[in-house]
Amino acid sequence: MNASLTPTAGGQDQFLTILSREEAKQRFEAALFPRVVPSELRRLAEALGRALAQDVVAPIDVPPFDRSNVDGFAVRAADLAEASEGQPVCLRLNDEVIACGTAPAQPVRQGTATAIATGGPVPRGADAIIMVEHTQPVEVRAIEVRRAASPGQFIATAGSDLARGEALLRAGTLLGSREIGMLAACGIAQIVVARKPRVAVISTGDELVQPGEPLRPAAIYDSNGAIITAAIAENGGEAAFLGAVDDDEALLEAAMRAALDDSDMLVLSGGTSKGAGDLSHRIIARLGQPGIIAHGVALKPGKPLCLAVCDGKPVVILPGFPTSAMFTFHDLIVPVLRRMAGLPPRNEAKVQATIPLRIASELGRTEFVMVSLVAGDDGLIAYPSGKGSGAITSFAQADGFVTIDALADQLRSGTTAEVTLFTPQLRLPDLVIVGSHCTGLDLVIAALSREGLAVRSIAVGSLGGLAAARRGECDLAPIHLFDEKSETYNTPFLSDGLELVPGWRRMQGIVFRKGDVRFEGLQAREAVRAALADPHCVMVNRNQGAGTRILLDRLLGAARPEGYWNQPKSHNAVAAAIAQGRADWGMTIAPVAHAGGLGFIPLTDEHYDFALVTARKHRPAVRAFLQALASEGSRAALTSAGFRKV
Ligand code: AMP
Ligand code: MG
């Protein structure tokens with residue numbers, strides 16, 4: 001065993017006290033607040049997106065003088081009291097025209113009017129404006145008016161928009177273009193805004209490679225660095241990403257100290273679970289007082305979260321898994337960051353939705369479950385879309401998440417739950433596809449996306465898709481189910497209300513590394529025989545219930561060769577296992593084998609079709625899908641990707 005994998009005393013005691021989410025939040029915030037939000041003076045042009053640090057009181061009246069709202073004539077309303085179509089009143093014109101920006105020189109005396117432009121200051125004596133459209137020029141310097149005017153009409157009085165001394169904007173207001181416009185209208189050129197907290201971000205882990213660099217074997221791209229940096233900026237911080245540091249105590253300590261010197265907050269990710277690199281929490285203990293506040297929080301995902309305060313500065317170690325890192329960041333760090341940035345709490349949009357499948361939950365931990373929303377017959381349906389805390393894509397595909405209370409062990413199917421949305425507005429998909437996923441499907445969907453249709457494809461497997469279609473939760477369910485009895489695909493599985501839309505064929509076959517003489521040039525059945533004859537030959541299987549597994553089991557009969565119990569859930573996982581030498585052969589579809597640069601021996605055509613919900617057949621998005629599926633473009637794309645359109 002590697003020496004660094006041996007549990008040390010420090011490594012063992014780290015999770016002794018797991019705090020509840022509420023307790024951890026309360027202790028962390030109590031150690032940080034109250035505190036003064038540092039502020040700075042900024043020019044209006046550079047204040048966009050900043051939070052006001054102080055209330056702003058209007059220093060002048062807006063408008064600063066009584067002002068005409070229309071092009072017309074300034075008059076005395078009393079002169080026009082009797083004016084009507086039958087009894088026009090004639091007013092003599094004063095010898096001036098009040099343009100915008102000119103101060104009037106003459107008063108408006110009884111029986112007179114002064115021409116005035118929109119925005120012009122109302123002259124002394126005048127108390128109303130009549131629109132030029134409602135007058136008729138007569139003689140040389142007079143107008144005729146055929147309707148009465150009420151006092152004050154078309155005049156914006158001084159301070160009517162904003163009165164001097166009135167609160168204009170409150171501290172904490174985020175300055176957008178409208179707020180900036182209000183400040184400019186009052187003549188304010190500089191404003192005291194909260195200084196953005198400087199937040200240093202460090203990723204930790206020997207395995208991390210920065211995007212743009214080539215990926216070494218066994219390495220992964222650092223996604224946390226980029227996500228956390230962006231999320232800090234989204235929440236009022238000024239993030240400085242300092243790169244990834246290896247799991248080396250001395251290096252990490254130096255990096256953490258330097259980062260903390262230059263910033264108001266430090267966010268690390270990785271290295272918090274019990275394992276090779278649990279160094280950061282030991283280092284934190286040496287960085288300042290009071291040090292670690294919580295290490296281990298009853299959250300799922302996110303248990304290994306570490307919260308600390310070092311001499312007044314928050315230091316946080318987020319779990320390494322990107323999804324865990326994001327949930328803990330949003331739940332416990334964002335509120336703190338926003339307070340430090342002088343911003344109000346994040347305004348989260350929430351909707352109610354029905355849970356279609358039971359979601360099991362661990363008792364004792366507050367659990368966040370990502371969901372994709374689709375429209376059902378009676379409101380929204382929330383499909384759990386998580387692929388586990390190590391997955392990053394579920395974030396992009398989900399609309400939001402439900403929070404399962406620490407005291408609940410499940411959300412029952414049919415329960416109504418509150419969904420916190422990731423974005424302020426929800427855009428429901430135009431077309432919902434629930435079932436088995438295929439890379440060929442993406443090619444057909446791409447055509448719809450180009451037409452501006454939002455398509456949601458939720459991968460729950462063929463049987464899950466059929467169930468969703470029967471419940472009316474989707475438009476189409478892609479399926480590839482082989483019926484042993486009739487020896488046909490898909491049709492035997494349809495029930496009332498569903499009809500079959502033919503999709504395409506996927507060639508299933510034996511996949512191996514090119515050049516492996518045990519397989520090159522053989523037929524599928526011979527290849528399996530050859531593999532079984534060689535005790536050093538390792539296979540990779542598929543999960544129970546997969547169409548591919550059924551084919552494999554038929555080929556293997558009673559044989560259980562080495563690797564049989566390695567049962568990944570996807571075609572790509574099979575290809576990766578073989579490409580990386582963890583296995584020598586398996587079964588996958590031709591496009592995946594070819595994309596992975598692997599050898600392939602065809603076995604049988606698998607039918608990938610769609611169960612269409614008949615009741616939804618005439619919806620525009622469904623029609624668009626059927627058209628796209630039938631189009632030459634799709635056929636060409638599918639063919640070149642290795643599928644065979646029927
Ligand atoms: P750790 O907490 O360091 O044990 O990491 C837990 C898991 O998260 C491991 O699979 C790490 O490879 C992964 N991980 C850690 N840091 C990152 C990161 N910055 N980006 C993506 N994955 C990470
Ligand atoms: Mg690590």
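Counting convention: from 1, in listed order, for ligands and their atoms alike. This structure is a prediction, so every number in the text was calculated from the model and none was measured.
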Visitor: Using a 6.0 Å cut-off, check whether atom CZ of R412 has over 12 heavy atoms from anything other than its own residue.
Guide: no

Visitor: Given V316, which partner from the list I228, L305, L266, L268 fulfils the side chain to side chain contact (heavy atoms under 4.5 Å, CB included) test?
Guide: L305

Visitor: Answer with yes or no whether the side chains of D553 and Y564 bring together a donor and an acceptor at under 3.5 Å.
Guide: yes

Visitor: Can you name the atoms of ligand 1, numbered from 1 with element, that are less than 4.0 Å from a heavy atom of E207?
Guide: 11 (C), 12 (O), 15 (C)

Visitor: For ligand 1, which atoms have a heavy atom of D222 less than 4.0 angstrom away?
Guide: 18 (C), 19 (N), 20 (N)

Visitor: Please could you name the atoms of ligand 1 that Y221 approaches to less than 4.0 Å, counting only its heavy atoms?
Guide: 20 (N), 21 (C)

Visitor: Mark the output for S223 as yes if a heavy-atom distance to ligand 1 is under 4.0 Å, and as no if none is.
Guide: yes

Visitor: Give me the one residue out of R50, K196, R195 that meets side chain to side chain donor-acceptor pair (under 3.5 Å) with E40.
Guide: R50

Visitor: Just jot down the ligand 1 atoms closer than 4.0 angstrom to any heavy atom of I220, in number order.
Guide: 12 (O), 21 (C), 22 (N), 23 (C)

Visitor: Which option wins on minimum heavy-atom distance to atom 5 (O) of ligand 1: S203, G320, S280?
Guide: G320

Visitor: How are the rings of H594 and F600 set to each other: parallel, tilted or perpendicular (split at 30° and 60°)?
Guide: perpendicular

Visitor: Any luck finding a side-chain donor-acceptor pair between D222 and Q210 under 3.5 Å?
Guide: yes

Visitor: Can you check whether G271 has an N/O within less than 3.5 Å of an N/O in ligand 1?
Guide: yes

Visitor: Can you tell me which residue among T328, L318, N235 is in a side chain to side chain contact (heavy atoms under 4.5 Å, CB included) with I333?
Guide: L318

Visitor: Judged by non-hydrogen atoms, does G205 sit under 4.0 Å from ligand 1?
Guide: no

Visitor: Give yes or no for whether the N/O distance cutoff of 3.5 Å, strictly under, is met between G270 and ligand 1.
Guide: no

